[in-house]
There are 2 protein chains.
Amino acid sequence: MPASPFPEIDYGRSLLLTDLYQLNMLEAYLAAGTTGTAVFEFFVRRLPARRGFLLAAGLEQVVGFLTEARVDAAELDWLGRSGRFTGRLLDYLAGFRFTGDLDALPEGTPVFADEPLVRVTAPILEAQLVETRLINFLQYQTLVATKAARMVLSAPGKGLVDFGLRRAHSGEAGLLAARAAWLAGFAGTASVPAEQAFGIPLVGTMAHSFVQAFDSEAEAFLAFARARPDQTVFLLDTYDTERAARTVTEIAPRLAAEGIAVRGVRLDSGDLGAHARKVRRILDDAGLTETKIVASGGLDEAELAALTRAGAPIDLFGIGTSLVTSEDLPALDCAYKLKAYAGRARRKRSEGKAYWPGPTQVHRRRDAEGRPIGDLLARADEPAPAGPGWDAPLLRPVLRAGRPVAPLPSLAKARAHAAEQLARLPEPLTRLAEAPPYEVAVTDGLRALAAEVDGFGRQ
Amino acid sequence: MPASPFPEIDYGRSLLLTDLYQLNMLEAYLAAGTTGTAVFEFFVRRLPARRGFLLAAGLEQVVGFLTEARVDAAELDWLGRSGRFTGRLLDYLAGFRFTGDLDALPEGTPVFADEPLVRVTAPILEAQLVETRLINFLQYQTLVATKAARMVLSAPGKGLVDFGLRRAHSGEAGLLAARAAWLAGFAGTASVPAEQAFGIPLVGTMAHSFVQAFDSEAEAFLAFARARPDQTVFLLDTYDTERAARTVTEIAPRLAAEGIAVRGVRLDSGDLGAHARKVRRILDDAGLTETKIVASGGLDEAELAALTRAGAPIDLFGIGTSLVTSEDLPALDCAYKLKAYAGRARRKRSEGKAYWPGPTQVHRRRDAEGRPIGDLLARADEPAPAGPGWDAPLLRPVLRAGRPVAPLPSLAKARAHAAEQLARLPEPLTRLAEAPPYEVAVTDGLRALAAEVDGFGRQ
């Protein structure tokens with residue numbers, strides 16, 4: 001029996017969490033002496049109409065990976081035994097350290113099509129080898145942070161909590177989702193290690209199985225309240241939601257006498273708005289006006305918006321599947337592409353997949369209220385646009401020669417940045433469907449470079 | 001900077017990869033002395049019309065988790081410092097070993113709505129605590145194995161390879177996806193650690209960045225071929241697919257003189273069928289009739305079916321995003337539910353979420369050609385149906401008192417089992433859309449139990 005799903009792999013640091021073709025290409029780069037400096041950028045090619053913006057996330061994990069990525073002795077041994085690689089490659093991997101530069105958008109920054117989230121400038125062997133894991137980290141957290149931001153914007157004044165670990169595509173995905181959702185404004189998570197790893201507040205209620213394990217709901221609720229007096233959120237829908245609410249009102253005086261308040265109740269099925277109204281009235285009639293109502297069960301941003309608009313008396317929403325799988329958009333059309341090699345700008349011209357060549361920078365202009373009114377994608381070496389309303393260039397230095405320029409902002413700071421940015425988004429971009437495209441203009445300098453590169457490529 | 005995304009967590013074995021409510025419920029179970037034996041089953045509530053069947057997967061990881069799950073000293077210390085839990089719970093967690101029974105469908109078995117993939121019979125504290133990770137493992141691999149099976153059935157005679165690590169929802173997800181796809185009949189994966197962890201054959205080509213790093217495609221192809229003479233698959237669409245194919249024919253004689261054959265070419269954009277036909281002709285005209293054509297780029301099962309039906313001369317498909325995210329269905333409506341406690345059957349009656357109570361067993365009947373013609377969901381204690389055509393009961397003992405009854409089948413054996421089962425599926429169930437529902441009948445004994453349990457629950 002396996003001890004763990006992948007006993008030999010340390011996910012966080014292993015360079016081998018990559019595609020075989022990266023190792024094949026490294027062999028060929030080494031053999032050919034093609035070891036010059038490359039510039040790669042990670043960007044999203046296009047947004048579907050149901051995403052007016054993306055919220056950049058995942059940078060902290062990328063930085064952790066770049067600064068710590070290694071191939072350990074057991075992995076080297078395995079690579080050697082596979083007989084697939086040269087001693088030259090094994091030696092290279094054994095001594096691997098990322099020595100390049102990283103420039104990036106701060107986490108929690110809205111980002112649009114064609115705009116780089118990160119730029120890697122490094123010897124091509126390094127920049128190539130880290131591709132797979134870098135995309136893996138950035139795509140998923142950006143997907144979930146974006147989904148979470150849509151939910152936060154759809155339910156103003158409500159608390160949202162991540163309940164998704166079980167439905168996430170792995171344990172690692174569940175933890176990264178908790179992080180991305182918190183970054184985007186969620187109030188907490190049910191995933192225990194997310195507090196350990198990221199300091200995210202934990203929220204927990206009870207399961208139907210708990211209620212079922214007792215001979216009656218009243219017994220179940222009393223047992224739970226006495227064991228967890230600070231976390232009294234009773235699940236109401238195991239048998240009949242309103243009957244359970246009345247049971248809560250019946251036991252509340254007994255609990256009050258023991259010094260225990262009923263903090264909340266949870267609804268998990270049926271018409272959540274209708275149940276919430278009935279339950280609110282039952283609780284209020286019994287004087288339990290401070291008892292909160294939590295709702296869960298297959299919710300997405302459209303349902304959050306509808307319940308919020310309708311004034312459903314729900315205080316907190318628990319959200320799982322739709323959040324952690326980004327269910328309506330489980331992947332982005334994104335890429336990590338070579339923009340320059342050995343000082344010369346590059347791009348490919350594959351049908352439907354051409355992109356802007358050379359290192360790029362993003363400039364964002366705001367109106368008097370601080371709302372973004374349009375971006376400008378520029379060559380990284382062009383002067384920043386002058387005049388009022390322009391943000392400082394969005395990509396900022398993060399690593400130089402493999403070392404941090406400064407500590408990254410804390411997750412709490414990144415979360416505050418995200419909240420500020422989301423509050424300033426123009427309303428049309430926040431629409432759940434049919435969001436109009438945001439203007440990303442391109443400088444004349446970048447257009448001229450593209451024409452020049454294409455001429456070169458047609459040799 | 002963090003050393004790894006979750007420096008303190010061992011995914012495979014940590015019991016803390018769970019929801020807070022599990023720990024809250026354990027506190028209450030311990031305090032109330034509610035520590036009897038529980039039976040939980042994991043099942044899917046319903047299948048959408050675009051899934052005629054599911055392919056069960058993930059059991060090996062569940063067994064690894066159940067037999068090895070622990071809370072380590074650092075985790076205990078963290079739990080203690082949180083101040084959230086009693087010494088009683090911490091002591092329980094410190095001594096945790098799974099001592100229960102596990103019954104399960106073999107991996108690679110088709111499964112339908114309401115049918116348990118696994119049944120856990122254990123002290124309720126144990127059965128409850130493992131819920132989150134058990135769902136996490138079973139849902140994702142079953143999703144991906146099912147998606148992969150649809151692809152395998154859609155492209156008879158073609159080789160399919162997993163290219164999805166970068167777009168998977170984490171590194172762990174990428175590796176589990178490689179495993180699930182291989183189980184379902186894929187021919188290999190690009191993910192390096194999937195060979196290390198699971199023995200899955202690796203496949204790798206080259207990226208556009210490789211071609212772009214050289215001054216011409218010919219130089220890039222020659223450099224690659226000389227460094228990787230056994231893995232000569234050239235990527236054609238960086239600039240112009242057919243022009244690149246002609247470049248391949250021009251350098252092939254030079255490579256042949258060096259003893260290097262051109263094993264394949266890869267198409268990654270545009271109309272793959274049209275490009276494949278043109279490229280096939282260019283290669284054949286140059287005598288490169290043994291050179292294979294690999295196609296990739298956003299493929300799903302519908303496109304595989306269309307290309308295969310149209311006779312596109314493509315030998316191997318590389319499939320990423322749609323596979324590893326199960327893009328059209330990124331989550332199952334699945335649950336791990338209490339079926340019995342302390343010898344008494346249970347179910348909940350939540351709106352739209354009722355299920356069959358008590359431990360259940362699945363019986364499958366086949367026609368003379370071995371095709372399944374209907375299942376029977378029965379109480380586990382009912383006699384198996386007699387007569388010709390019935391399989392042995394589908395759920396089989398895996399763990400007894402926490403120990404393996406026998407080693408699990410190897411992944412290769414599970415893969416062979418899946419291939420045999422998929423070959424026998426009735427054609428309507430394999431349709432990509434509008435698959436008719438497969439009949440899962442329910443015994444009178446199970447119906448009677450449900451009526452009895454509902455009467456009990458209404459006390």
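Note that the coordinates shown come from a computational prediction; the quantities given were computed from them, not determined experimentally. Numbers restart at 1 for each chain; the letters A, B, ... are given by sequence-line order, proteins then strands.
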Query raised in the report: What's the spacing between A:Thr34 OG1 and B:Asp215 CG if we round to 0.5 Å?
Result: 9.0 Å
Report task. Of all the heavy-atom pairs spanning B:Leu17 and A:Gly171, show the shortest one and how long it is. Result -> CD2-CA, 3.6 Å
Query raised in the report: What is the distance from atom CD of A:Gln231 to atom CD of B:Glu27, rounded to the nearest 0.5 Å?
Result: 9.0 Å
Query raised in the report: Hey, does the side chain of B:Glu172 reach the backbone of A:Glu172 with a donor-acceptor pair shorter than 3.5 angstrom?
Result: yes
Query - Side chain, backbone, both or neither of B:Phe40 within contact of chain A (heavy atoms, under 4.5 Å) - result: side chain
Requested in this report: Flag the one option from B:Thr321, B:Thr205, B:Leu79 with the top tally of heavy-atom pairs under 4.5 Å to chain A.
Outcome: B:Thr205
Report task. Measure distances from A:Leu329 to the heavy atoms of chain B and classify the residue's part below 4.5 Å as side chain, backbone, both or neither. Result -> neither
Report summary line: Distance col, row B:Gln139:CD vs A:His169:NE2, nearest 0.5 angstrom, shows 6.0 Å
Query raised in the report: Any idea which of A:Thr238, A:Thr132, A:Thr86 has the most non-hydrogen atom pairs under 4.5 angstrom with chain B?
Result: A:Thr238
Query raised in the report: Do you know which of B:Ser269, B:Ala223, B:Ala31, B:Ala207 has the most heavy-atom pairs with chain A at a distance under 4.5 angstrom?
Result: B:Ala207
Report task. Would you mind telling me which of B:Gly36, B:Gly204, B:Ala213, B:Ala173 has the largest number of heavy-atom pairs within less than 4.5 Å of chain A? Result -> B:Ala213
Requested in this report: Please flag which part of B:Leu222 lies under 4.5 Å from any non-hydrogen atom of chain A: side chain, backbone, both or neither.
Outcome: neither
Query raised in the report: Looking only at atom types and distance, does a side-chain atom of A:Arg226 sit under 3.5 Å from a main-chain N or O of B:Ala32, one as donor and one as acceptor?
Result: no
**Report entry** A:Asp271 versus chain B, the contacting section by heavy-atom distance below 4.5 Å
**Finding:** backbone
Report summary line: Greatest number of non-hydrogen atom pairs under 4.5 angstrom with chain A, of B:Val192, B:Asp230, B:Val211, B:Ile135, falls to B:Val192
Query raised in the report: Between A:Gln141, A:Lys339, A:Arg347, which has the largest tally of heavy atom pairs under 4.5 Å with chain B?
Result: A:Arg347
Query - Proximal component of B:Ile124, with respect to chain A [non-hydrogen, under 4.5 Å] - result: side chain
Query raised in the report: Which atom names give the shortest non-hydrogen contact between A:Pro330 and B:Glu327, and what distance separates them?
Result: CG-O, 3.4 Å
Report summary line: Taken to the nearest 0.5 Å, the spacing of A:Tyr21 OH from B:Arg266 CZ works out to 6.5 Å
**Report entry** B:Lys348/A:Asp240 ion pair, N-O < 4.0 Å
**Finding:** no
Query raised in the report: Is it the side chain or the backbone of B:Val324 that comes within 4.5 Å of chain A heavy atoms, both, or neither?
Result: backbone
Requested in this report: Using a strict 4.0 Å threshold on nitrogen-to-oxygen distance, state whether B:Glu195 and A:Arg84 make a salt bridge.
Outcome: yes
Query raised in the report: Taking atom types as modelled and ignoring hydrogens, do the side chains of B:Asn136 and A:Arg166 form a donor-acceptor contact shorter than 3.5 angstrom?
Result: no
Query - Per-residue contact mode, B:Leu23 against chain A (heavy atom under 4.5 angstrom) - result: side chain
Query raised in the report: Do you know which of A:Ala168, A:Ser191, A:Ala190 has the most heavy-atom pairs under 4.5 Å to chain B?
Result: A:Ala190
Query raised in the report: Can you check whether A:Asn24's main-chain N or O pairs, donor with acceptor, with B:Arg228's side chain at less than 3.5 Å?
Result: no
Query raised in the report: Tell me, side chain or backbone of B:Val203 under 4.5 Å from chain A's heavy atoms, or both, or neither?
Result: backbone
Report task. Could you check which of B:Ala127, B:Ala227, B:Ser322, B:Ala177 has the highest count of heavy-atom pairs closer than 4.5 Å to chain A? Result -> B:Ala227
Report task. From the options B:Lys337, B:Gln128, B:Glu131, select the one residue that forms a side chain to side chain donor-acceptor pair (under 3.5 Å) with A:Ser209. Result -> B:Gln128
Query raised in the report: Side chain, backbone, both or neither: which part of B:Ala28 has a heavy atom under 4.5 Å from chain A?
Result: both
**Report entry** Straight-line distance of A:Asp19 CG to B:Thr189 OG1, nearest 0.5 Å
**Finding:** 7.5 Å
Requested in this report: I would like to know whether A:Tyr29 and B:Phe210 meet ring pair (Phe, Tyr, Trp, His ring centres under 6.0 Å); could you show each step before the answer?
Outcome: CA-CA 8 Å; A:Tyr29 288 141; B:Phe210 184 85; 5.0 Å; yes
**Report entry** Choice from B:Thr241, B:Leu134, B:Leu236, B:Thr325 maximising heavy atom contacts with chain A below 4.5 Å
**Finding:** B:Thr325
Query raised in the report: Would the number of heavy atoms belonging to other residues, nucleotides or ligands and lying under 6.0 Å from CZ of A:Arg88 be above 12?
Result: yes
Report task. Starting at CE of A:Met206, measure out to CE of B:Met25 and round the result to the nearest 0.5 Å. Result -> 8.5 Å
Query raised in the report: Stepwise, does the side-chain contact (heavy atoms from CB on, under 4.5 Å) test hold for B:Ser82 with A:Gln196?
Result: CA-CA 9 Å; B:Ser82 79; A:Gln196 189 185 14; over 6 Å; no
